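Below: the structure, in structure tokens.
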Amino acid sequence: MTTLLVLVVLVLVAIAIWQMTKMFEFAQLKANTSEIANDNDNKYNGYLLFAFLIFIYGITIFSFWKYSKVLLPEAASEHGGEYDYLMLVSFIIIFFVQTITQALLHYFGYKYRGEKGKKALFYADNDRLEFIWTIIPVIVLAGLILWGLYTWTNIMDVNDEDDPLIVELYAQQFNWTARYGGEDNVLGAANVRMIDIDKANVLGLDESDSYASDDIIVKELHLPVGRKVNFKMRSQDVLHSAYMPHFRAQMNCVPGMTTEFSFTPITTTAQMRQNPDVVEKVKRTNALRAEWAAEGRPNSDPWEFDYVLICNKICGKSHYNMQMKIIVETEEEYNEWIKSQKTFAETVMVADVQEPDFNPVGAETAELSYKAQD
């Protein structure tokens, strides 16, 4: 990055010197002040076109070489492979067309530059050429659009086939809360008007709804590998976006309505930690954090990869920190974990003389955040 900045500065200095030279020429009494380009001007502009062509190709190659390592690893969801393949094909077509058209554009700009005595040749119209350069993009774009619609329809087919796990994701400035349907796998009714902080009913569950009693509210999302998950998403305050990048999943959380998304995780957290791309990323990150630790800087503890749920909408000043850890595990590990969690009836629907309880990680932070908004 330092080398790139030095090169940019040198280029800018060269441009500044060149402009100062032109100003000096204009200041001379005998300088040619004509604003009409001559053959010499056209020749130099042609060379500059070639130089710019080399620059854009160079910066493209540099970007692929330098930043490909920060791309996401292979998808951890069943639909993610098809999603990634569609994007790959789209980018290949885009880069192929861009490479050819830019080369032709800059070459023709040089070859057919203005020269004294040369007259431009042009066609008033040519039906065959117009048909060719119109029908090819139409066919390619129509193919991509139809393929994209087919893929989108498959991804957005949220249904109850294959006995999906039902999970609610509740968005609030600036944290996430998850709710499981419990033993009956059915979420109880909820409404923001029923939120009761004193009783730790932070999601506004309806205590009179029998389906709500066995719901489980947590601050860390656990998913069983190989099982379909139907997510129901709500927002308490502003527009959020539930983004799970490693699963190629994203859906807006809209106040006043419930949105849905569904996917099947296919790679456990432990398996993804062994992925070569992830191993290399963890190695690079921890090398940087070791340097920070030596300098006494914060956030310098060693990092271990985890799936994560983040907000992909700029929802306020702490938007960047709105995230939840996701753990994908075997069915047996998931069942053991879910059995250890307390239900809504055990944490909220208790006698008034008892202190309300709440499930695990980050619960105190969530409650303080709710109180701060009152």
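These numbers come from a predicted model, not from an experiment. Sequence positions, counted from 1, serve as the residue numbers for this chain.
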What closest approach, in Å, do Phe305 and Met272 show between heavy atoms, and which atom pair accounts for it?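 Phe305 and Met272 have their closest heavy atoms at CE2-CG, 3.3 Å.
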For atom CD of Gln98, is the number of surrounding heavy atoms from other residues, nucleotides or ligands below 6.0 Å larger than 12?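 Enclosed.
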Is it the case that Glu260 and Asn230 place a side-chain donor and acceptor less than 3.5 Å from each other?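 Note: Glu260 and Asn230 side chains miss the donor-acceptor criterion.
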Pair Gln172-Asn175, side-chain donor/acceptor within less than 3.5 Å: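 There is such a pair between these side chains.
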Does a side-chain N-to-carboxylate-O contact under 4.0 Å join [X] and [Y]?
X	Y	value
Arg273	Glu304	yes
Arg227	Asp163	yes
Arg248	Asp84	yes

Run the salt bridge (charged side-chain N to carboxylate O under 4.0 Å, His left out) test on Arg234 and Glu168 for me, step by step, so that the C-alpha distance in whole Å, both residues' side-chain angles and the decisive distance to 0.1 Å come before the verdict. CA-CA 8 Å; Arg234 292 192 296 144; Glu168 179 184 74; 2.7 Å; yes
Would you say the ring centroid of [X] lies under 6.0 angstrom from that of [Y]?
X	Y	answer
Trp152	Tyr83	no
Phe174	Tyr320	no
His222	Tyr334	no

Main chain of [Y], side chain of [X]: is a donor-acceptor contact present, judged purely on distance under 3.5 Å?
X	Y	answer
Asn335	Thr330	no
Tyr107	Gln102	no
Ser262	Val229	yes
Arg179	Gly188	yes
Ser318	Asn321	no
Glu295	Trp292	no
Gln271	Thr268	yes

Among Thr264, Asp160, Asn159, whose side-chain hydrogen bond (donor to acceptor under 3.5 Å, both in side chains) with Lys228 holds?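 The passing option is Asn159.
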